[in-house]
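Residue numbers count from 1 along this sequence. Remember, it's a predicted structure, so these values are computed and weren't measured experimentally.
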Amino acid sequence: MINNKINESIKNNKEELVQLRRKLHSEPELSFEEFQTTQFICEYLDNLGISYRKTEPTGVIAEIKGATGGKTVALRGDMDALAIQQLNKHVPYASKTEGKMHACGHDAHTAMLLIAAKALSAVKDQLSGNVRLLFQPAEEIAQGAKAMVKQGAMDDVDNVFGIHIWSQMPTGKVSCNPGPSFAAADIFKVTFKGRGGHGAIPEACIDAALVASSFVMNVQTVISRTIDPQSPAVLTVGKMVVGTRFNVIAENAEIEGTVRTFHSNTRDHIEKSIGQYAESVAAIYGATAEVQYTRGTDAVDNDEESANLVQQVASASFGSDVVYYEKPTMGGEDFSEFLTKAPGSFALVGSGNSKKDTEWAHHHGNFDIDEDALSTGAELYAQYAWTYLNK
C-alpha cells in the first residue's frame, strides 16, 4: 500500500521540513495578506519543477501530473497566521512581527505539504493520476477555501484530503473518523430597540438593557429544551453592547454570538428559533428586534471510504497503534468548502507533548508544536495521495 521511496524521502528531508516550518513561523502573515508566503511557496515549487498558478489575492494551486491519466486527488494546506502576540518568545523561531503569530499550526501544514510535494514529485512517473496541491489562504476568517474554489481549485478533482496539527492529541497519533469532525460555525447579531430616557423616570421608557438581558439569560433554552440531546449544538453569546451613561436608560442593545452544529436540520431549527425568540422577548417589553443570522463554514463531514483509507494508510505507514479516536470538535474549519465539490476527509495529527510544552490550546500566545509530528503529517499527505491514485 505505501511507497517506500516516499517514506525514504520524508526521512531524508526531516531537517529541511523543520527548517521550513521555523521560517514560516517566524514570518507570519494574516488572512489574505500572505504575499511573502505565497512567493516563497512558488519559488520552492519552481526548484522542484512543479507547475502552479497563483490565486487572488494570495494562495497557490499546483499540479503534479502522473505518468498516466486518471483521477485527481487534492491535498490542502492552509497558511495564514493570527493577530495574536507570541508569548513564548524564547524559541529561536519566534515571530518577527509584533502582534502576529502562527498560533494554530498553519506554518506546519504548509511545510508538510511542501515536503510531501517533494516526495511525490520524485515518484510522479509511478502515479496513476494527478496530485493537486492547494496552498490555501485565509482559513482563519473562513474565506480562503471559498475563494480558491471560485478560482478553480476543485475543478476535475475526484477526492480531497487535508490535515490539521492538533495539540490536544499525543504527538504522532492520527485521527480521522467517518462522519462529522468539525462543526458548522455561524454568527448571529440581534439588535433590540426600546425607548431611552432618564434613569429616574423608568415608567416613560422601554429599557433595552432589560430586554437584552432577558434574551441572553433565556436563549439557551433553544438548545436545552428544543434540540434532541443526541444532536450536539452550542449557542454562545460573546458580545453585548448596551447603554451610554449610568443614569440613562438604554434605547438600543446589540448582541452577537455564534452557533455550532453538526447536522443541517439542527442548524435550520436554531436559526429559526433565535429569530422567533428575539421577537417574542422584545414584544413582551414593547421593544422591537432585528436579527441577522450569517451562515459561516459548513460542518466537515468525513466521507466514510476516504476516512477509512486514511486509517489504513496511517497504520501501514506508522503502525496500527498510531490510529487514534479524537472526538468531534465544535470548532469550525473551511475545509468543508472543498468537501462540497468532492468526497474526502480531514485528519488530525497529534503534536501535544508535555515534555516539550506543546499542549497549549490553539490560538494561545504560547502555542507551539512538537516538531516530531511534522514528518508524520508530511508522509500522511504523500502516502494518502499515492494510495488513493494507485489503489
Assess the side chains of S31 and D80: does a donor N or O sit below 3.5 Å from an acceptor N or O? yes

Is it the case that the ring center of W166 lies less than 6.0 angstrom away from the ring center of F346? no

Is it the case that S306 and Y384 place a side-chain donor and acceptor less than 3.5 Å from each other? yes

Strictly by salt bridge (charged side-chain N to carboxylate O under 4.0 Å, His left out), give each pair with a member in residues 318-334 just once, sequence neighbours left out. R76-E333, R76-D334

Below 4.0 angstrom, N of the basic side chain to O of the carboxylate: do K118 and E16 qualify? yes

Only one of R267, R260, R295 passes side chain to side chain donor-acceptor pair (under 3.5 Å) with D186; say which it is. R267

Distance from R21 atom CZ to H102 atom NE2, nearest 0.5 Å? 9.0 Å

Assess whether a salt bridge exists between E254 and K193, defined as any Lys/Arg side-chain N lying under 4.0 Å from an Asp/Glu carboxylate O. no

Dump the intermediate steps for side chain to side chain donor-acceptor pair (under 3.5 Å) on Q168 and E359, then the final yes or no. CA-CA 6 Å; Q168 284 78 46; E359 293 182 328; over 6 Å; no

Whether over 12 other heavy atoms sit under 6.0 Å from L48 CG: yes

Using a strict threshold of under 4.0 Å (side-chain N to carboxylate O), is an ion pair present between E371 and R22? yes

Under the ring pair (Phe, Tyr, Trp, His ring centres under 6.0 Å) test, which residues partner Y93, sequence neighbours left out? H25

Residue pair Q85 / K100, side-chain donor-acceptor N/O under 3.5 Å: no

Backbone N/O of G59 and side chain of T38: donor-acceptor pair under 3.5 Å: yes

